[in-house]
There are 2 protein chains.
Amino acid sequence: MANGPSSSRATIHDVAARAGVSAATVSKVLRGVESVKPDNVERVRQAVADLNYRLDPLAAGLRQERRRIIGAVVPDLESEFFGAFATALEQAAEDAGYNVIIASSRESEEREADLVARMDDWRVAGTVLAPVRSERGAGAETLAGLGMTAVLVDRVSAGGAFDTVTADNFEASAHVAERLWAAGHRHVLLHGATTISKSVRTRVEGFTDRARTFEPAMIVDTLLSDDALDEQRPAIRAYLEKARGARTATAVFSLSQHSTLLVLSEMRRLGIACPQDMALVGFDDAEWMQTTWPSVSAVAQPVRTMARKAVSALLARVEGTPEFTAQHLEPCTFIIRESFGEPARQGAQGDPPARRRRPHT
Amino acid sequence: MANGPSSSRATIHDVAARAGVSAATVSKVLRGVESVKPDNVERVRQAVADLNYRLDPLAAGLRQERRRIIGAVVPDLESEFFGAFATALEQAAEDAGYNVIIASSRESEEREADLVARMDDWRVAGTVLAPVRSERGAGAETLAGLGMTAVLVDRVSAGGAFDTVTADNFEASAHVAERLWAAGHRHVLLHGATTISKSVRTRVEGFTDRARTFEPAMIVDTLLSDDALDEQRPAIRAYLEKARGARTATAVFSLSQHSTLLVLSEMRRLGIACPQDMALVGFDDAEWMQTTWPSVSAVAQPVRTMARKAVSALLARVEGTPEFTAQHLEPCTFIIRESFGEPARQGAQGDPPARRRRPHT
DNA sequence: CAGAAAAAGTAAATCGATTTATTCATGTGA
DNA sequence: TCACATGAATAAATCGATTTACTTTTTCTG
């Protein structure tokens, strides 16, 4: 019951025999090569249908230098962001006639390097790597060492040896600074749940950079840690407790989804009213953020666009060799929800909270 | 810059030449076959290291009947549940020395069948299918038609032609009914965002089945729909509005994560106090449920266990042929959070709300 | 120590496609 | 009509491993 019904599958030779042509001709028809007489094309088609023939993509790839496979390595598959990214990547690659092999490095650089090498073993045509750390991490190093064709995505900064696709973390964060300033916030806490991620670092830079341009300069506290999530709670709690009613931050900009979850839960635990006592804006939107209380204002990244661009940049390199590396910076969207409000303690002067999306570039 | 450094990779013949043995011997060493003299093993090892040789898994698999690949088809990759499932699956398979190819059917049965056939093209050793619908869906049909080795997971019921691994949806839902009853709820609404999923149907059955055993029988309303998520809001709103203060349900049991999100957001929009006016329990736990207000009580599924069992059941079938199909039912965990409370309108008699996990079997 | 049995090693076939080099018609121009 | 280009088809080589069938070497046994 678990074994094949008609023993073994038909091969290209079976098809050739039935169509009365050679295997080479069948191969041509299968790959849509022009130089086959219409008559023969038709007979091959018929034989394929009769025998229920399906090409073995692995055998097909063996002879070719590069196989029609794209490798994808992402830091995790459990987050909405990379889940959506992987889905979009799969779709884009299939549209181009490629298969995708998705693997999760589980936030381990060592595993990342191993997976990249494994992709090379599979002789993939190209690899999309969303590194754990940055374009200098173990995975990228392996890519370079093996001379692989690749595109780096998400936690990278422009300018390296590879094509890159990233959300415009810098500008989006700067925009958040502006919006908070306009809403009357003069003192903001930046919280990040990791420091190794290049994106998180860029977000800090974008925010502080813009914060410095205000008159008077916005005060920016930062609370960055690489500890396990639960171990970060005390520090957040301590900060928020100190902040209560005192002359400190009136808003938090959380630099990742996990960070947002952490900050929000500690606010609720301490009974801090959001946004009255403390506003909250998160980087990276998630479905649940619409439903929390308060609903969370967040920067949404253009995941699908990024995935599409990654594939097209990769294929451009696979199918030809562009002279220069391309660096794609995709604009984000700022979503205003309840947690984005004016500070109660100081005069307000910004936009009133509202529910809408607006691109900011 | 994008091309290989040392032209082409070493093949098994290069290794053989350098070690002064035949390719067959190298192959034996690589696969850990015993009958090779220690001396030769050592020389092969050395040659492999010297040449930086890595085996091509595709070429290796070509000659074999079944390749060391496991195919996995899941309905989506964007949800926490299947993301975690895919991750755990990958881990378990790799521990057994198999590669995994993950693909998302994007909740389409047509695509599901196509992906299954594609897995067969890849000559996978076995396939783990988490169907869109059930064990009778298009994917399972294709699996059977092609005589593939497979294990069905999640949205299936026991008893079909394939091995299955599922959460014990029936018992877990019955347990929720019991807990709600014990807490004083006499009238509950079941909300599901889809009807085609076998799991959701089983959850309804488990709940209503147990609800009938109470004295007097618990009143169970159901609101099931296959509409797009946003189109379901009006119906929920209408129900909740009617329920307000009136003699209707005092609790909602939402049958999926999406459903929970939907119900919770409509409750908040209408200003319904949870759990005082209306308690909420969801099936399928998510990280964000800790952070909402109120935090959401939920049934947590043992994802990792399910993934591990799926792989071991599959490999048992790949590497031998068990006589009977095995049906695994994994117990769930009921997590009590704020949204699980006693009804305000009637006398209470159950457990006080508390934060803890307890297995229920 | 011869001879048989067991162990170790290898040349060659194989897997299922693609690609190359070659053959075989057919058409064209001088 | 011959030489030559062109178009279509194919036999055979190839990709990089595994597996088979056979040979050689080693180890026992009487």
Side-chain angles (χ1 to χ4, degrees), chain A residues 4 7-45 47-48 51-69 97 99 118 120-125, chain B residues 4 7-45 47-48 51-69 97 99 118 120-125:
Chain A
S7 62
S8 57
R9 306 169 50 131
T11 73
I12 199 171
H13 289 102
D14 300 333
V15 175
R18 184 167 238 270
V21 296
S22 72
T25 302
V26 177
S27 179
K28 279 184 185 168
V29 173
L30 259 36
R31 282 170 303 133
V33 175
E34 287 300 322
S35 66
V36 180
K37 274 202 281 193
D39 180 34
N40 281 334
V41 172
E42 186 42 46
R43 298 171 66 193
V44 169
R45 289 256 154 75
V48 165
L51 298 174
N52 213 339
Y53 169 78
R54 300 201 108 215
L55 176 142
D56 179 338
L58 260 65
L62 187 56
R63 186 67 155 74
Q64 292 161 311
E65 186 67 14
R66 327 201 86 115
R67 296 166 187 172
R68 290 192 81 83
I69 307 175
N99 280 99
R118 217 132 88 194
D120 195 42
D121 292 343
W122 283 76
R123 307 284 199 284
V124 295
Chain B
S7 62
S8 57
R9 306 169 50 130
T11 74
I12 199 171
H13 288 103
D14 300 331
V15 175
R18 185 168 236 270
V21 296
S22 73
T25 302
V26 176
S27 180
K28 279 184 185 169
V29 173
L30 259 36
R31 281 171 304 133
V33 175
E34 287 301 319
S35 67
V36 180
K37 275 201 283 191
D39 179 35
N40 280 335
V41 172
E42 186 43 46
R43 298 170 67 192
V44 168
R45 288 258 154 74
V48 165
L51 298 174
N52 214 338
Y53 169 78
R54 301 201 109 215
L55 176 144
D56 180 337
L58 259 68
L62 187 57
R63 186 66 157 74
Q64 291 159 309
E65 186 67 13
R66 327 199 88 113
R67 296 169 186 167
R68 290 192 80 83
I69 307 175
N99 279 99
R118 218 133 86 193
D120 195 43
D121 293 343
W122 283 72
R123 308 284 199 282
V124 296

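Letters go in sequence order (proteins before strands), and every chain restarts at 1. Below, each value reflects all heavy atoms present in this structure, side chains not excepted, and no hydrogens, waters or symmetry copies.
Counting only heavy atoms from C-beta on, A:Arg123 has its side chain closest to D:dG16 among D:dA11, D:dG16, C:dT10. Comparing C:dT10, D:dG16, D:dT10 against the side chain of B:Asp56 picks out D:dG16 as the nearest. Closest to the side chain of B:Ala59, out of C:dA11, D:dT19, D:dA17, is D:dA17.
Scored by the side-chain contact (heavy atoms from CB on, under 4.5 Å) test, B:Leu55 finds B:Leu30, B:Tyr53, B:Ala60 as partners (sequence neighbours excluded).
Helix bend of the helix from C:dC1-D:dG30 to C:dA30-D:dT1: the angle between its two end axes, each built from five pairs, comes to 50° after rounding to 10°.
Residue A:Thr25 has a polar side-chain atom (N or O) positioned under 4.0 Å from OP1 or OP2 of D:dT10. For D:dG16, neither phosphate oxygen OP1 nor OP2 lies less than 4.0 angstrom from any side-chain nitrogen or oxygen of B:Thr11. Close to D:dT18, at under 4.0 Å from its OP1 or OP2, lies a side-chain N or O of B:Ser27.
In this structure, B:Leu51 and B:Arg18 have side chains that are in contact, with non-hydrogen atoms separated by less than 4.5 Å.
Pairing each heavy atom of A:Ala125 with each of A:Arg67, the nearest pair is CB-O, 3.2 Å.
Remark: P of C:dT19 and CZ of A:Arg66 are 14 Å apart, rounded to the nearest angstrom. Atom pair B:Arg9:CZ and D:dC15:C1' shows a separation of 13 Å (rounding to whole Å applied). When the C1' atom of C:dT19 is taken as reference, atom NZ of A:Lys28 falls 10 Å away, rounded to whole Å.
Contact annotation for A:Leu55: backbone-only contact, meaning every heavy-atom pair under 4.0 Å involves sugar-phosphate atoms and none involves a base. Within the nucleic acid shown, A:Ala24 comes within 4.0 Å of at least one base atom, counting heavy atoms only.
Tested against B:Val26 for a side-chain contact (heavy atoms from CB on, under 4.5 Å), the candidates B:Asp14, B:Ile12, B:Thr11 yield a single pass: B:Ile12.
Salt-bridge check for A:Arg9 with B:Asp120: passed, with a basic side-chain N closer than 4.0 Å to an acidic carboxylate O.
Mapped onto DNA chain C by nearest heavy atom, B:Asn40 and A:Ile12 fall at different nucleotides, with B:Asn40 at the one closer to the 5' end.
Interface residues of residues 30-38 of chain B facing DNA chain C, ordered by number: B:Ser35, B:Val36, B:Lys37; criterion, heavy-atom separation under 4.0 Å.
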